[in-house]
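Below: the structure, in structure tokens.
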Amino acid sequence: MGNKNLRLAKRAKRDEFYTQLRDIENELKHYKSHFRNKVVYCNCDDPKVSNFFHYFSYNFEELGLKKLITTCYKNRNVDIFSLHKEPERAAYIEYTGDKNDNRRPDPEEVEVNYLEGDGDFRSRECIELLKDADIVVTNPPFSLFREYLAQLIKYDKNFLIIGNKNAIKYKEVFPLIENSKVWLGMRSVKEFEVPNGNRAKATFCCQRNKWFQKFGNVGWFTNLSHSRRNEELILTKKYTPDEFPHYDNYDAIEVSKVKDIPKNWGGVYGCSYYFHG
């Protein structure tokens with residue numbers, strides 16, 4: 001059902017899937033050393049509901065950030081601090097840290113600036129903000145993942161983004177993986193909060209009083225180094241023709257799991273998501 005939901009989301013372009021704070025915390029804890037004195041840009045985020053904005057603003061000093069920027073599409077109300085009442089205007093929000101030592105983003109510490117365009121990540125204004133950023137962290141629209149990733153590569157940005165792991169097989173994405181320009185992060189993301197108008201496939205959680213939709217095969221894509229990226233594999237299996245059959249149309253063997261790579265095989269083999277380690 002999870003992969004079916006992904007296909008339906010892509011077909012209908014229902015891209016409002018809000019990442020939960022716990023998923024952000026569980027992934028970002030592996031990259032803290034990358035963020036010191038960096039400008040972080042979240043360019044697909046409604047700060048009113050974005051847990052990315054919440055995470056980075058409340059951990060600004062701990063991470064040692066230089067600046068946090070988020071951009072919001074024009075049909076989203078950016079009035080997260082009851083300062084502005086213009087939901088039809090696109091905006092970008094800047095936060096440069098705590099000024100009154102209460103370790104949280106207060107209204108007077110958050111700068112709201114309006115954009116001339118619609119706030120789309122492909123717009124001229126958002127690209128200019130992207131150029132000034134060091135690291136991009138967000139959950140981009142599933143339906144625009146190819147285009148979104150291509151933009152990050154074009155402007156040579158470090159990034160940590162969420163996407164469908166099936167993107168590994170896209171003709172635009174696989175060469176990036178093959179050339180070590182992109183790899184998977186540490187964890188998967190199993191569940192997203194959805195707005196009330198986008199709950200056809202969602203389940204209501206009484207305990208949290210919100211709607212959530214489960215997905216299979218969703219995770220993090222990045223070009224930031226992490227501990228598993230250079231982890232040495234300890235191989236224990238030995239090659240046997242019965243356990244590792246040859247492909248009919250290619251001179252290689254099939255290995256179903258990374259941990260089962262035979263230590264005494266010196267040729268080519270096929271193994272799903274091997275680039276992860």
Exercise. Are V255 and P262 close enough that some pair of their side-chain heavy atoms sits under 4.5 Å apart?
Worked result: yes

Problem set entry | Check against side-chain hydrogen bond (donor to acceptor under 3.5 Å, both in side chains), T71 and Y41 | CA-CA 8 Å; T71 47; Y41 184 28; 3.2 Å; yes

Problem set entry | Verdict with supporting geometry, L152 and I161, side chain to side chain contact (heavy atoms under 4.5 Å, CB included) | CA-CA 10 Å; L152 296 178; I161 61 175; 4.1 Å; yes

Exercise. Is it true that a side-chain atom of S50 and a backbone atom of F52 form a donor plus acceptor pair closer than 3.5 Å?
Worked result: yes

Problem set entry | Point-to-point distance, once rounded to the nearest 0.5 Å, from OG1 of T96 to CD of E109 | 8.0 Å

Problem set entry | SB check K99 E108 (cutoff 4.0 Å) | no

Exercise. Quick one: does H246's side chain have a donor or acceptor within less than 3.5 Å of a partner on P241's backbone?
Worked result: no

For this session: From the options N43, L144, V136, select the one residue that forms a side-chain contact (heavy atoms from CB on, under 4.5 Å) with Q151.
Result: N43

Problem set entry | Flag side-chain contact, heavy atom, 4.5 Å: Y250 against V268 | yes

Exercise. Does any donor atom in the side chain of T70 or D45 lie under 3.5 Å from an acceptor atom in the other side chain?
Worked result: no

Problem set entry | Within 6.0 Å of CG in N264, more than 12 heavy atoms from elsewhere | yes

Exercise. With a cut-off of 6.0 Å (strictly less than), are more than 12 heavy atoms of other residues, nucleotides or ligands near CG of D156?
Worked result: no

Exercise. So do E147 and P140 actually touch side chain to side chain, heavy atoms under 4.5 Å?
Worked result: no

Exercise. Within a strict 4.5 Å, meaning less than it, do heavy atoms of the K237 and E243 side chains meet?
Worked result: yes

Exercise. Any sub-3.5 Å donor-acceptor pair from N51's side-chain atoms to T19's backbone N or O?
Worked result: yes

Problem set entry | Any donor-acceptor N/O pair, Q213 side chain to V194 backbone, under 3.5 Å | no

Problem set entry | E128 with K131: basic N within carboxylate O range, under 4.0 Å | yes

Exercise. When you check the gap from the basic side-chain N to the acidic O, do R22 and E191 get nearer than 4.0 Å?
Worked result: yes

Seminar exercise, completed: CG of L21 to CG of N26, rounded to nearest 0.5 Å, is 9.0 Å

For this session: Give a yes or no answer on whether the side chain of D118 reaches the backbone of D120 with a donor-acceptor pair at less than 3.5 Å.
Result: yes

Exercise. Tell me, do N223 and K181 make a side-chain contact under 4.5 Å, heavy atoms counted?
Worked result: no

For this session: Could you tell me the separation between the CG atom of L130 and the NZ atom of K154, rounded to the nearest 0.5 Å?
Result: 10.5 Å

Problem set entry | Cluster overlap Y58 with V40, hydrophobic side-chain contacts below 4.5 Å | no

Exercise. Heavy-atom count around R104 CZ within 6.0 Å, excluding the residue itself: above 12?
Worked result: no

Exercise. More than 12 heavy atoms of other residues, nucleotides or ligands under 6.0 Å from CD of E178: is that the case?
Worked result: yes

Problem set entry | D23 vs R187 side-chain heavy atoms within contact, under 4.5 Å | no

Exercise. In terms of the angle between their ring planes, are F56 and F35 parallel, tilted or perpendicular, with boundaries placed at 30° and 60°?
Worked result: tilted

For this session: Indicate yes or no for a side-chain donor-acceptor contact from N59 to the backbone of L63 under 3.5 Å, with no hydrogens or angles considered.
Result: no

Seminar exercise, completed: Rounded to the nearest 0.5 Å, the CD atom of E62 sits from the CZ atom of R103 at a distance of 8.0 Å

Exercise. Where do G117 and A90 come nearest, in terms of heavy atoms and distance?
Worked result: O-CB, 3.3 Å

For this session: Kindly indicate, with the supporting measurements, whether the criterion side chain to side chain contact (heavy atoms under 4.5 Å, CB included) is fulfilled by N164 and N217.
Result: CA-CA 6 Å; N164 175 3; N217 213 25; 3.9 Å; yes

For this session: Assert yes or no for the condition that the ring centre distance of Y239 to Y269 is strictly below 6.0 Å.
Result: no

For this session: Check for a donor-acceptor pair, side chain of N158 on one end and backbone N or O of I135 on the other, with a separation under 3.5 Å.
Result: no

Exercise. Does a sphere of radius 6.0 Å around NZ in K157 hold more than 12 heavy atoms from other residues, nucleotides or ligands, not counting ones at 6.0 Å or beyond?
Worked result: yes

Problem set entry | Test item: F221 and L149 side chains (from C-beta on) under 4.5 Å apart, heavy atoms | no

Problem set entry | Non-hydrogen atoms of S256 and D260 that approach each other most closely | OG-OD2, 4.2 Å

Problem set entry | Straight-line distance of E25 CD to H54 NE2, nearest 0.5 Å | 7.0 Å

For this session: Please assess F174 against K169 for the test side chain to side chain contact (heavy atoms under 4.5 Å, CB included), listing each intermediate value before the final yes or no.
Result: CA-CA 6 Å; F174 184 77; K169 298 179 288 186; over 6 Å; no

Exercise. So, the side chain of H34 versus the backbone of H226: is there a donor-acceptor pair under 3.5 Å, distance only?
Worked result: no

Exercise. With side chains defined as the heavy atoms from C-beta onward, is the minimum distance between T222 and W183 less than 4.5 Å?
Worked result: yes

Exercise. Counting only heavy atoms not in K38, do more than 12 fall under 6.0 Å of its NZ?
Worked result: yes

Seminar exercise, completed: Correct closest heavy-atom pair for D98 and Y95 would be N-OH, 3.2 Å

For this session: Measure from the side-chain N and O atoms of D134 to the backbone N and O of V39, and report whether any donor-acceptor pair falls under 3.5 Å.
Result: yes

Exercise. To the nearest 0.5 Å, how far apart are CD in Q20 and CZ in F192?
Worked result: 8.5 Å

For this session: Would you please say whether a donor-acceptor pair under 3.5 Å links the side chains of Y31 and E27?
Result: yes

For this session: State yes or no: do W265 and Y247 share one hydrophobic cluster built from I, L, V, M, F, W and Y residues joined by side-chain heavy-atom distances below 4.5 Å, directly or via other members?
Result: no

For this session: Applying side chain to side chain contact (heavy atoms under 4.5 Å, CB included), run through L68 and C42 and close with a yes or a no.
Result: CA-CA 8 Å; L68 170 63; C42 306; 4.1 Å; yes

Problem set entry | Backbone of E116 reached by a side-chain donor or acceptor of E125 within 3.5 Å | yes

Problem set entry | Single hit among Y155, Y148, F145, Y92 for ring pair (Phe, Tyr, Trp, His ring centres under 6.0 Å) with F121 | Y148

